[in-house]
*Asks:* 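For reference, the structure I am asking about is given below.
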Amino acid sequence: MDHAPPTDQRFSDRLTDLEIKASFTEDLLDHLNQLIARQQQQIDWLTREVTQLRQQPQAGEANEFRSLRDELPPHY
């Protein structure tokens with residue numbers, strides 16, 4: 001009697017399981033990489049928006065003369 005085939009079969013099954021897990025891990029890694037790339041694009045866009053918003057009041061204040069009457073509350 002030869003007991004080698006069951007051992008070989010177990011190794012083959014374990015190898016197949018590891019290959020399946022590796023495949024799922026690769027798919028997950030690809031998905032996470034895509035997600036990170038999209039998030040980085042959003043961060044870049046938001047950074048540009050914040051920069052533009054910070055520059056707007058400075059540009060508006062420099063070009064516009066404001067009277068003190070404009071600063072009075074509406075009930076005066």
Side-chain angles (χ1 to χ4, degrees):
M1 288 188 184
D2 189 10
H3 295 295
T7 304
D8 287 343
Q9 184 63 39
R10 281 187 288 174
F11 286 131
S12 177
D13 291 345
R14 288 183 65 196
L15 181 60
T16 300
D17 289 343
L18 290 173
E19 288 173 340
I20 291 170
K21 287 180 182 180
S23 177
F24 281 119
T25 302
E26 287 176 9
D27 288 343
L28 177 61
L29 184 61
D30 288 342
H31 176 73
L32 291 174
N33 281 336
Q34 292 172 1
L35 181 63
I36 289 170
R38 280 195 309 266
Q39 287 179 339
Q40 186 60 52
Q41 289 174 344
Q42 290 175 338
I43 289 170
D44 293 342
W45 181 82
L46 289 170
T47 301
R48 286 190 302 271
E49 287 292 312
V50 167
T51 301
Q52 289 176 358
L53 288 173
R54 285 183 178 166
Q55 292 173 353
Q56 282 180 357
Q58 294 170 355
E61 290 174 4
N63 295 335
E64 224 178 88
F65 174 76
R66 296 188 72 177
S67 170
L68 290 178
R69 291 181 187 243
D70 293 339
E71 299 296 323
L72 291 176
H75 65 276
Y76 280 141

*Asks:* I would like to know whether Leu29 and Thr25 meet side-chain contact (heavy atoms from CB on, under 4.5 Å); could you show each step before the answer?
*Replies:* CA-CA 6 Å; Leu29 184 61; Thr25 302; 5.5 Å; no
*Asks:* Going from CG on Leu15 to CZ on Arg10, what distance comes out if it is rounded to the nearest 0.5 angstrom?
*Replies:* 14.5 Å
*Asks:* Consider only side-chain N and O atoms of Thr51 and Arg54, and report whether a donor and an acceptor are under 3.5 Å apart.
*Replies:* no
*Asks:* What is the distance from atom CG of Leu35 to atom NE2 of His31, rounded to the nearest 0.5 Å?
*Replies:* 5.5 Å
*Asks:* Supply the atom-to-atom distance Lys21 NZ to Asp17 CG, rounded to the nearest 0.5 angstrom.
*Replies:* 6.5 Å
*Asks:* Can you see whether Asp30 engages Gln34 through a side-chain donor-acceptor pair at a distance of less than 3.5 angstrom?
*Replies:* no
*Asks:* Please check: side-chain N/O of Ser23 versus main-chain N/O of Glu19, any donor-acceptor pairing under 3.5 Å?
*Replies:* no
*Asks:* Using modelled atom types only, decide if a donor and an acceptor are shared between the side chain of Thr47 and the backbone of Ile43 within a distance under 3.5 Å.
*Replies:* yes
